[in-house]
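Quick notes on the structure that follows.
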Amino acid sequence: MDLRGRDFLKLLDYTPEEINYLLDLAADLKDKKKKGILVDHHRGKNIALIFEKTSTRTRCSFEIAAHDLGMGTTYLDPSGSQIGKKESIADTARVLGSMFDGIEYRGYGQEIVEELAKYSKVPVWNGLTNEFHPTQMLADMLTIIEEFGHLKGIKLAYMGDARYNTGNSLMIACAKMGMHFYGCAPRKYWPSEELVKTAKEIALTTGASINLTEDPMEGTKDADVVCTDVWVSMGEPDEIWAERIADLKAYQVNKTIMNNASDKAIFMHCLPAFHDLKTKIGAEVGKKFGITEMEVTDEVFESSQSRVFEEAENRMHTIKAVIDATV
Ligand code: CP
Ligand code: NVA
C-alpha cells in the first residue's frame with residue numbers, strides 16, 4: 001500500500017482496504033510507542049498546522065505525532081496568520097506547500113480544505129470541518145477494534161446532532177467498514193439526503209447498513225457502540241442553544257439508553273463533552289436552561305462502559321499513521 005502524496009480530506013476518498021491499512025499502521029505505531037521503540041524516519045521534515053477553530057486533542061495529536069516521527073511543526077492559530085483575511089486559500093496553499101511537507105487544516109466549510117489541497121503540492125489533512133472529521137474516525141475505528149477485535153457487523157448508534165461533522169463522518173465510516181449505522185435524531189438533524197444516498201450505495205458493496213430513526217430506543221437496541229457529540233458545534237451561534245436543548249434532550253445518552261444497548265456495549269464521544277457543569281459554557285448553559293448534563297449524563301461518561309479517554313489517546317496514534325503514510 002503506497003499512500004505517499006495523498007491528501008486525507010474525508011473517508012469518502014479512501015477505500016476500505018486503505019482505511020484498514022491506516023488502522024493497522026496506527027496499531028503498530030501505538031505498540032512501538034508503548035515499547036519505547038522510536039519511529040523517527042521523517043527527520044528533517046516539517047508540517048504546518050492551521051487552526052481556524054480551537055482544539056485540544058487534534059492539535060496535540062498532530063504536534064506529538066510529528067515530533068515522534070522526527071518532524072518540526074508550525075502552529076498557526078485562528079488569529080495568527082493572514083489566511084482568509086489578507087491572503088486567499090489558493091495563495092496560502094502555494095506558499096505553505098513550498099515550505100512544508102504536509103499541511104493540517106481545521107476550519108469551516110469542507111470546500112476550504114479541498115481548495116487548500118488543490119493548490120498545495122504536499123499532502124493536506126482535514127483536522128475538522130463543518131461537514132467531516134476524518135482523523136476522528138480513524139481513532140474511533142481503532143478504539144472499536146481494540147474492544148471487539150473487528151469492525152464488520154458492529155452496530156453503532158449515534159445519538160443527537162447527526163447532520164454535522166461527527167454524525168456525517170460516522171455514517172460514512174460505518175458504510176465503508178461494513179458496520180450497521182443507526183442515526184437517532186429528529187428528522188431535521190439527519191445527514192443530508194445526498195450523503196445518506198452515497199452511504200447506502202457504499203453499504204451495498206461492504207455489507208453495511210445505514211439506518212435513521214427518530215426513536216432512540218429502536219436505534220440503540222442491542223447496539224455495540226453508542227456515540228454522541230455536542231449539541232452545538234464550534235462556529236454555531238450561542239442563540240441556538242435553546243432550540244437544540246428542546247430538540248435533542250430526548251436523545252441524551254443516559255443509563256436507560258445504555259441498558260437498552262448490548263450487555264457489552266461501550267460509550268464513545270469525540271470530546272469535549274458537556275457531562276457536568278464543570279466547564280464555563282456547561283455552567284452558563286446549565287444555569288440558563290436548568291439542566292446539569294447535556295448530550296451524555298455524568299453517570300454514563302464516568303461508567304466502566306465509557307471508552308472516551310482511550311478514544312482520545314487513539315487520536316494521536318491514528319494521526320501519526322496518516323502523517324507517516326502520506327508524507
Ligand atoms: N475531538 C476533537 O477533535 O477534539 P479537539 O476539538 O480538542 O481537537
Ligand atoms: N461537532 C463538534 C466536534 C468537536 C470535535 C464541533 O464541531 O464542535
Side-chain angles (χ1 to χ4, degrees), residues 8-11 26 47 49-66 73 75-78 104-110 112-113 125-144 158-173 183-185 189-192 195 225 227-238 240-241 244-245 247-248 251-253 267-275 278-282 285 294-296 301 306-320 322-323:
F8 191 71
L9 306 179
K10 54 190 183 303
L11 283 193
I47 64 172
L49 309 175
I50 306 172
F51 281 83
E52 300 209 272
K53 290 175 178 170
T54 52
S55 168
T56 297
R57 275 147 293 273
T58 311
R59 175 188 175 178
C60 294
S61 295
F62 269 97
E63 291 204 4
I64 294 167
T73 57
Y75 172 70
L76 297 167
D77 75 14
E104 180 277 352
Y105 175 84
R106 165 173 287 197
Y108 295 86
Q110 180 71 15
I112 303 173
V113 77
W125 309 297
N126 178 358
L128 176 147
T129 57
N130 294 345
E131 291 84 357
F132 293 114
H133 197 2
T135 61
Q136 181 72 50
M137 294 307 108
L138 294 180
D140 291 8
M141 296 301 116
L142 182 61
T143 309
I144 295 170
Y158 176 83
M159 296 272 279
D161 183 7
R163 43 108 247 164
Y164 220 66
N165 38 33
T166 305
N168 285 343
S169 301
L170 280 170
M171 180 175 72
I172 297 302
C184 312
Y189 296 94
W190 290 4
S192 72
L195 196 63
V225 182
C227 293
T228 189
D229 187 12
V230 288
W231 289 342
V232 175
S233 285
M234 288 183 279
E236 295 196 293
D238 286 345
I240 210 139
W241 272 109
R244 288 289 162 79
I245 291 170
D247 288 344
L248 297 177
Y251 298 85
Q252 180 190 64
V253 180
F267 169 72
M268 292 176 57
H269 189 312
C270 60
L271 306 181
F274 291 120
H275 58 95
K278 293 177 190 159
T279 62
K280 188 166 173 283
I281 294 176
V285 174
M294 288 186 239
E295 72 274 10
V296 56
F301 187 90
S306 178
R307 293 292 175 278
V308 297
F309 296 113
E310 288 82 354
E311 184 184 0
E313 181 193 330
N314 283 337
R315 296 299 309 286
M316 197 284 284
H317 305 296
T318 46
I319 282 173
K320 191 188 279 182
V322 171
I323 299 173

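In this chain, numbering begins with 1 at the start of the sequence shown. Note that ligands are numbered from 1 as they come in the structure, with each ligand's atoms numbered from 1 the same way. A quick note: this is a predicted structure, and the numbers were derived from the prediction, not measured.
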Exercise. Is there a donor-acceptor pair closer than 3.5 Å between any side-chain N or O of R163 and the backbone N or O of S192?
Worked result: no
For this session: Could you tell me whether S233 and ligand 2 have an N or O pair separated by under 3.5 Å?
Result: yes
Exercise. Who are the ring pair (Phe, Tyr, Trp, His ring centres under 6.0 Å) partners of H275, not counting sequence neighbours?
Worked result: F301
Contact check: [X] vs ligand 1, nitrogen or oxygen atoms, below 3.5 angstrom:
{"X": "R106", "result": "yes"}
{"X": "L271", "result": "yes"}
{"X": "C270", "result": "yes"}

Exercise. Looking at Y75, does the NZ or CZ of R59 lie under 6.0 angstrom from its six-membered ring centre and within 45 degrees of the ring axis?
Worked result: yes
Problem set entry | The single option from N126, L11, L9, V113 passing side-chain contact (heavy atoms from CB on, under 4.5 Å) against F132 | N126
Problem set entry | I245, CD1: over 12 other non-hydrogen atoms inside 6.0 angstrom | yes
Could you check [atom] against the protein and tell me its nearest heavy-atom contact, residue, atom and distance included?
{"atom": "atom 4 (C) of ligand 2", "answer": "L128 CD1, 3.8 Å"}
{"atom": "atom 7 (O) of ligand 1", "answer": "T56 N, 2.7 Å"}
{"atom": "atom 2 (C) of ligand 1", "answer": "R315 NH1, 3.2 Å"}
{"atom": "atom 7 (O) of ligand 2", "answer": "N165 ND2, 2.9 Å"}
{"atom": "atom 3 (C) of ligand 2", "answer": "D229 OD2, 3.6 Å"}
{"atom": "atom 8 (O) of ligand 2", "answer": "M234 N, 2.8 Å"}
{"atom": "atom 4 (O) of ligand 1", "answer": "R57 NE, 2.8 Å"}

Exercise. What are the atoms of ligand 2, with element, lying closer than 4.0 Å to any heavy atom of L271?
Worked result: 5 (C)
Exercise. Side chains of T129 and Q110: do they bring a donor and an acceptor to under 3.5 Å?
Worked result: yes
Exercise. Do the charged groups of R244 and E236 touch, with an N to O distance under 4.0 Å?
Worked result: yes
Exercise. Are side-chain heavy atoms of M234 and L128 found at a separation under 4.5 Å?
Worked result: yes
